[in-house]
There are 2 protein chains.
Amino acid sequence: MDVSAFGEHGPVSCRAREILDRVGDKWSLQVIALLGERTKRFTELKREIDGISQRMLTVTLRGLERDGIVTRTVYPVMPPRVEYSLTPMGATLMDAANALVRWAEGHLDEIDAARAEYDARAAEIEALKSS
Amino acid sequence: MDVSAFGEHGPVSCRAREILDRVGDKWSLQVIALLGERTKRFTELKREIDGISQRMLTVTLRGLERDGIVTRTVYPVMPPRVEYSLTPMGATLMDAANALVRWAEGHLDEIDAARAEYDARAAEIEALKSS
DNA sequence: CGGGATCCAATTCGATACTG
DNA sequence: CAGTATCGAATTGGATCCCG
């Protein structure tokens, strides 16, 4: 197991966490995934991401734009037309995130099982305490 | 660009987000990284993770344990001795997370630069508005 | 030593209303 | 259409105290 990728003892992985804050937040990954398909407009993204509020889509896109992961192109027409797409750096991020997404999909059942067992055991212990 | 790993249109990536919530939270990744080195005790982890409170270390470890990512071994001695280590599944998660951590480390400078440029441009626009 | 329980502050996020 | 602004609810996390 190669631990060095996380840094010697902490500080580096601490820096890495800043990026995980970005990609790991509630919506960024889905936005990146959808923009990986192709350039999309604001409303298009909002329609495709179930449950996101307009506010959070704006906040998420601004954050990704600030970090150089997506580009925002405004066409000065009426009504306004704004298009979002991944930067080259954003595309490489999507590739890296794929490893984690694949892991998640591949272990969902295992995790569900682990949770069920853990919760069952916790309930058992709870039952013992009241007896 | 392979988008299929994120699912057809949303629901799957939604499930995947549950796992990113786990690995992407404030401390899990660092805990996993440290346990990747070797089995460690509670206090050892607390000492090595800068800034973590005892409460959050407990909460983080419980969550990882519930998901079957770490094991918790209690030795019934006085004073108490509790050891944590990665499960086999936890080890594979660490491998997957490495891709993202490497990406983060490799793009920190680029992201910092993008942020600086974005902020500078925002400040410029702000200056224009007040003139 | 390894927590559990509680309280409090900060942050996050959704709903709503308004705008060029 | 694509936002901005504001408010309040919910969540998160730190500090503190206590216990076996």
Side-chain angles (χ1 to χ4, degrees), chain A residues 14 17-18 20-31 34-35 39-66 70-85 118-119 121-123 125-126 128-130, chain B residues 14 17-18 20-31 34-35 39-66 70-85 118 121-122 125-126 128-130:
Chain A
C14 170
R17 268 212 66 264
E18 286 179 35
L20 285 173
D21 276 343
R22 161 101 304 119
V23 82
D25 75 1
K26 201 168 179 183
W27 307 108
S28 288
L29 190 63
Q30 290 184 68
V31 170
L34 288 169
L35 292 183
T39 294
K40 299 196 176 184
R41 298 180 60 176
F42 185 88
T43 311
E44 213 172 342
L45 288 169
K46 176 148 170 44
R47 201 182 328 113
E48 292 180 326
I49 302 176
D50 195 60
I52 196 170
S53 66
Q54 156 240 50
R55 175 182 132 76
M56 285 317 295
L57 181 54
T58 301
V59 169
T60 301
L61 286 168
R62 286 290 176 284
L64 292 172
E65 189 196 357
R66 182 167 109 99
V70 312
T71 58
R72 177 170 181 268
T73 310
V74 183
Y75 298 91
V77 296
M78 260 310 268
R81 179 185 185 85
V82 181
E83 289 185 348
Y84 294 92
S85 55
Y118 182 95
D119 292 347
R121 195 162 303 181
I125 292 173
E126 201 59 30
L128 278 174
K129 279 166 61 179
S130 56
Chain B
C14 170
R17 269 211 66 263
E18 286 179 36
L20 285 172
D21 277 342
R22 161 101 304 117
V23 82
D25 74 1
K26 201 168 179 183
W27 308 109
S28 288
L29 189 63
Q30 290 183 69
V31 169
L34 288 170
L35 291 183
T39 294
K40 299 196 176 185
R41 298 180 61 176
F42 185 89
T43 313
E44 212 172 344
L45 288 169
K46 177 149 171 43
R47 201 181 330 114
E48 293 180 325
I49 301 176
D50 195 60
I52 196 170
S53 67
Q54 157 239 48
R55 176 186 187 281
M56 285 317 296
L57 181 54
T58 300
V59 169
T60 301
L61 286 167
R62 286 290 175 283
L64 292 172
E65 188 196 357
R66 182 167 110 98
V70 311
T71 58
R72 177 171 181 267
T73 310
V74 183
Y75 298 91
V77 296
M78 261 310 270
R81 179 184 185 84
V82 181
E83 289 185 347
Y84 294 92
S85 55
Y118 183 95
R121 194 162 302 181
I125 292 172
E126 202 60 31
L128 278 175
K129 279 166 61 178
S130 57

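The chains referred to below are lettered A, B, ... by the order of the sequence lines, with proteins before strands, and numbering in each begins at 1. It should be emphasised that the depicted structure is a prediction, and the values quoted were computed from it without experimental measurement. When reading the values below, keep in mind they use all heavy atoms of this one structure, side chains included, and skip hydrogens, waters and symmetry mates.
- Between the CG atom of B/L45 and the C1' atom of C/dC1 there is a distance of 13 Å, rounded to whole Å.
- Regarding B/E83, its CD atom lies at a distance of 13 Å from the C1' atom of C/dC1, rounded to whole Å.
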(request) For nucleotides 6-20 of chain D, just jot down a letter per nucleotide in 5' to 3' order: B, S or -, based on protein non-hydrogen atoms under 4.0 Å. (result) B------BBBB---B
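- The local environment of CZ in A/R62 is crowded, with over 12 non-hydrogen atoms from other residues, nucleotides or ligands closer than 6.0 Å.
- Between B/K40 atom NZ and C/dC1 atom P there is a gap of 17 Å when expressed in whole angstrom units.
- Put simply, CD1 on A/I125 is 11 Å from P on C/dG4, counting in whole angstrom units.
- Not one side-chain nitrogen or oxygen of A/R72 sits closer than 4.0 Å to the OP1 or OP2 atom of D/dA2.
- Dashed line: the shortest gap from a side-chain N or O of A/Y84 to OP1 or OP2 of D/dG3 is under 4.0 Å.
- Residues meeting the side chain to side chain donor-acceptor pair (under 3.5 Å) test with B/D21, sequence neighbours left out: B/R17.
- By the 6.0 Å contact criterion, CZ on A/R72 is enclosed, its count of non-hydrogen atoms from other residues, nucleotides or ligands being greater than 12.
- What separates CD of B/E65 from C1' of C/dG4 is a distance of 15 Å, to the nearest Å.
- At whole-Å resolution of the value, CD1 in A/I49 and C1' in C/dG14 are 15 Å apart.
- Within the 3.5 Å criterion, the main-chain N or O of A/Y84 finds no donor-acceptor partner in the side chain of A/K40.
- In this structure, CG of B/L61 is placed 14 Å from C1' of C/dC1, rounded to the nearest angstrom.
- Contact check for B/T39 versus B/T73: no side-chain heavy atoms found under the 4.5 Å cut-off.
- When the P atom of D/dG3 is taken as reference, atom CZ of A/R41 falls 10 Å away, rounded to whole Å.
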